[in-house]
Amino acid sequence: MNNPAIPPVAGLDTDAALSRLNGNALVYLKMLRRFLELRDMPDQIESQLVAGERREAERLAHTLKGVAAGLGAERLRSQAAQLEQFLRSGTEFRQALQETRSELSRLIEALDGNLPAEFGQAASVPLAELCSSMSELLLNYDAQACDLLEEQSPGFQDLLSESFPVFQKLVAQYQFEEARAILQQAMTERGVSSL
Amino acid sequence: MSRLLVVEDEPANIQALNGILRPQGYQVSVATNGLQALKVLESVRPELILLDVVMPEMDGFETCRQIKQSSSWRDIPLIFLTSRADTSDLVRGFELGAVDYVAKPFHAHELLARVRTHLAMHRLRQENERLVRAESELARHRSVAEMVAGVAHELNTPLGIINTAAGLISRWASQENMPLEDLQDAISLITRNAARAHKLVQDFKKVSVHQITDVCEQVDLAEVIRDTVHLFQVSVSKHLQVEVLNELPPEASQWVGYAGSLSQVLLNLLQNARAYAYPEGDSGRVEVRLTAEDGFYCLSIRDFGKGIAAENLPRIFEPFFTTGRARGGSGLGMSIVHTIVTAHLQGSIQVESSPGQGTQIRLKLPRSLSLPPG
């Protein structure tokens with residue numbers, strides 16, 4: 001089931017992951033893109049430990065383990081599992097952390113820049129309609145908001161100008177209420193009324 | 001298109017879930033932590049919630065607890081998402097009211113199958129509740145209709161007597177010497193029977209208004225019971241001797257509840273006694289006793305008739321279970337009684353019986369119903 005869009009990477013069992021997703025390569029690619037955001041995870045774990053927050057560090061390792069499992073990154077999964085275990089039992093974890101860190105960076109380096117672009121240019125939509133759709137999605141905390149933003153990125157960039165990066169980050173992190181406030185603000189400034 | 005709420009802190013997992021659910025036509029709302037989930041629920045009503053266990057600050061269990069505390073959200077089916085295979089975790093999830101759990105990493109088929117199943121079950125449950133409510137209301141209206149004929153028949157007697165006495169007075173008034181004693185007799189006949197007719201109409205009015213409107217209000221429980229029994233005797237069954245024993249001091253039986261539903265339950269139980277305890281139409285006795293215990297009223301309906309066979313006793317509240325199908329029994333009466341008493345009146349119901357010795361049904365009702373806000 002080799003999908004041409006997905007770069008083959010050692011340590012990433014794409015077939016297993018795809019079969020769990022009913023062969024949905026688009027979703028797998030989305031997950032891979034999100035995975036790239038976790039590159040700082042080992043640093044975060046480290047700083048939690050320095051701050052004495054062992055439970056929190058353990059939770060982060062647990063999360064990393066889960067994401068790795070979902071992607072079919074078995075080596076990373078077992079290292080993160082080991083790290084989580086050591087953190088929980090108070091055993092010496094430094095080596096496990098180091099191994100996790102190096103496997104994670106290896107995977108990210110292999111994927112970064114090699115993933116196909118998510119959306120082609122979609123037909124542009126009138127501004128008022130765009131705002132109305134986005135507003136509605138944000139109001140319902142609907143995950144489609146992320147997709148709409150990606151698809152119609154030029155339109156939103158145009159509308160939001162300097163606020164665009166902030167808006168984009170908020171939507172990517174599902175902070176929909178704050179994102180909506182920014183959208184409303186821009187709509188008012190541009191004189192776009194909601195449909 | 002059903003809307004689902006996904007509560008999950010890790011974006012990669014949200015993507016996976018959305019990617020599996022969206023193509024099936026579900027609309028997916030997202031919260032990334034417990035607090036945000038509660039916020040989302042204030043404006044969005046999902047048909048099902050998928051809830052991650054391991055989340056920062058407020059974990060899935062605590063979030064579940066808070067969701068279940070709200071009367072508006074507690075009925076939404078909730079499925080835990082967990083990569084912890086710990087059995088004690090799963091048990092805890094179920095104890096908190098979750099209907100299922102899904103293991104991570106997600107298998108699309110498994111996730112979808114579970115979501116579909118629970119959505120279907122939830123809809124069936126809601127439909128069932130609606131049907132029981134509709135059935136209850138119908139039964140209450142039917143009771144009123146049945147009573148009308150009986151009441152009308154009963155009124156004939158006192159009104160007939162009043163008519164006769166009035167006729168006599170009219171004749172005597174045109175006579176030379178009016179027999180004073182006879183006159184006094186006639187007048188007292190009229191007075192007594194007018195009062196009797198008046199009481200009958202009043203009782204009927206009270207009970208039928210409760211039956212039709214069934215609102216939650218403060219009433220005198222002893223009075224509701226007495227009026228219902230009176231109407232039952234008068235309109236439905238004279239063969240059955242129903243004795244009301246109120247062991248509470250006067251004025252000590254104030255109750256806040258649905259009088260119409262209570263009347264309905266009582267009528268149902270009395271009718272069952274007539275049909276099943278004393279089936280051959282022979283006369284029999286039923287004792288209706290009102291007592292109190294802690295913060296509850298205890299209402300016991302006891303007959304000394306046929307009794308219920310031991311193998312049938314555990315089944316009497318089962319929908320459609322009846323030994324009287326040949327006589328047209330639907331088997332729904334007791335199951336509706338059970339639902340009304342436990343869900344609507346927030347009480348409990350117990351049955352004791354032995355063949356040949358009779359049956360006793362005990363209802364326990366809170367003194368005052370606690371209604372959800374708004």
Side-chain angles (χ1 to χ4, degrees), chain A residues 16-38 41 48 53 55-56 58-74 77 80-81 84 118 136-147 171-178, chain B residues 1 3-33 35-46 50 52-57 59-60 81-85 102-113:
Chain A
L18 276 178
S19 82
R20 274 193 300 269
L21 296 172
N22 277 350
N24 193 333
L26 279 174
V27 174
Y28 187 58
L29 279 170
K30 282 195 207 218
M31 288 167 70
L32 284 177
R33 286 187 200 97
R34 288 294 186 165
F35 175 60
L36 297 180
E37 291 166 18
L38 294 180
M41 188 68 102
Q48 289 295 341
E53 298 283 347
R55 287 292 292 278
E56 190 54 19
E58 194 191 315
R59 189 187 67 78
L60 291 174
H62 176 88
T63 301
L64 183 59
K65 174 185 82 176
V67 174
L71 291 172
E74 177 49 34
R77 188 208 65 78
E84 182 193 0
E118 183 158 8
E136 180 75 18
L137 288 170
L138 293 175
L139 199 60
N140 286 317
Y141 299 86
D142 198 311
Q144 280 303 98
C146 303
D147 290 342
V171 171
Q173 295 183 338
Y174 306 98
Q175 305 302 310
F176 290 161
E177 265 169 63
E178 294 88 336
Chain B
M1 261 200 302
R3 181 170 285 279
L4 312 178
L5 171 62
V6 164
V7 186
E8 164 66 61
D9 65 316
E10 185 44 53
N13 290 333
I14 297 176
Q15 290 288 26
L17 287 166
N18 196 35
I20 295 169
L21 296 167
R22 187 86 189 88
Q24 301 299 319
Y26 295 113
Q27 284 175 313
V28 180
S29 293
V30 176
T32 54
N33 61 64
L35 280 173
Q36 199 186 27
L38 298 174
K39 200 101 210 287
V40 173
L41 283 168
E42 274 165 30
S43 46
V44 173
R45 186 164 176 94
L50 291 161
D52 188 20
V53 171
V54 177
M55 290 190 294
E57 287 172 40
D59 73 3
L81 306 168
T82 177
S83 49
R84 308 211 294 222
V102 176
K104 294 198 226 184
F106 309 115
H107 286 247
H109 275 140
E110 186 189 338
L111 177 70
L112 289 172

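Residue numbering restarts at 1 for every chain, and letters A, B, ... go by the order of the sequence lines.
- Both the backbone and the side chain of A:Asp142 have a heavy atom closer than 4.5 Å to some heavy atom of chain B.
- Residues B:Arg22 and A:Asp147 form no side-chain contact, since every pair of their non-hydrogen atoms from C-beta on lies 4.5 Å or further apart.
- Of the listed residues (B:Met55, B:His109, B:Gln27), the one with the most heavy-atom contacts under 4.5 Å to chain A is B:His109.
- When B:Val40, B:Asn18, B:Leu5 are compared by the number of non-hydrogen pairs under 4.5 Å with chain A, B:Val40 comes out ahead.
- In terms of heavy atoms, B:Pro23 sits closest to A:Asn24 at CG-ND2, 4.2 Å.
- Listed by chain and residue number, A:Phe176 satisfy the ring-ring contact (aromatic ring centres under 6.0 Å, His included) test with A:Tyr174 (two or more places apart in sequence, or in another chain).
- With a 4.5 angstrom heavy-atom cutoff, B:Asp9 touches chain A only via side-chain atoms.
- Looking only at side-chain heavy atoms (C-beta outward), B:Gln15 and A:Arg33 stay at 4.5 Å or farther from each other.
- The minimum heavy-atom distance linking A:Met31 with B:Ala12 is given by the pair CG-O, 3.6 Å.
- To the nearest 0.5 Å, atoms CD1 (B:Ile14) and NZ (A:Lys30) are separated by 12.5 Å.
- For A:Leu38, the part lying near chain B is the side chain, with the backbone staying farther off; criterion is any non-hydrogen pair under 4.5 Å.
- Using a 4.5 Å cut-off between heavy atoms, B:Val30 contacts chain A through both its backbone and its side chain.
- Within a 6.0 Å radius of CD in A:Glu74, more than 12 heavy atoms belonging to other residues, nucleotides or ligands are found.
- The minimum heavy-atom distance linking B:Glu10 with A:Thr63 is given by the pair OE1-CG2, 3.3 Å.
- Heavy atoms closer than 4.5 Å to chain A are found nowhere in B:Glu110, neither backbone nor side chain.
- If you tally non-hydrogen atom pairs under 4.5 Å between each of B:Leu17, B:Val54, B:Val6 and chain A, the highest count goes to B:Val54.
- Contacts of A:Glu84 classified as salt bridge (Lys or Arg N to Asp or Glu O under 4.0 Å), with partners at least two apart in sequence or in another chain: A:Lys65, A:Arg88.
- For A:Glu177, the part lying near chain B is the side chain, with the backbone staying farther off; criterion is any non-hydrogen pair under 4.5 Å.
- Two residues are said to be in side-chain contact when any heavy atoms from C-beta on lie closer than 4.5 Å; A:Arg34 and B:Asn13 fail this criterion.
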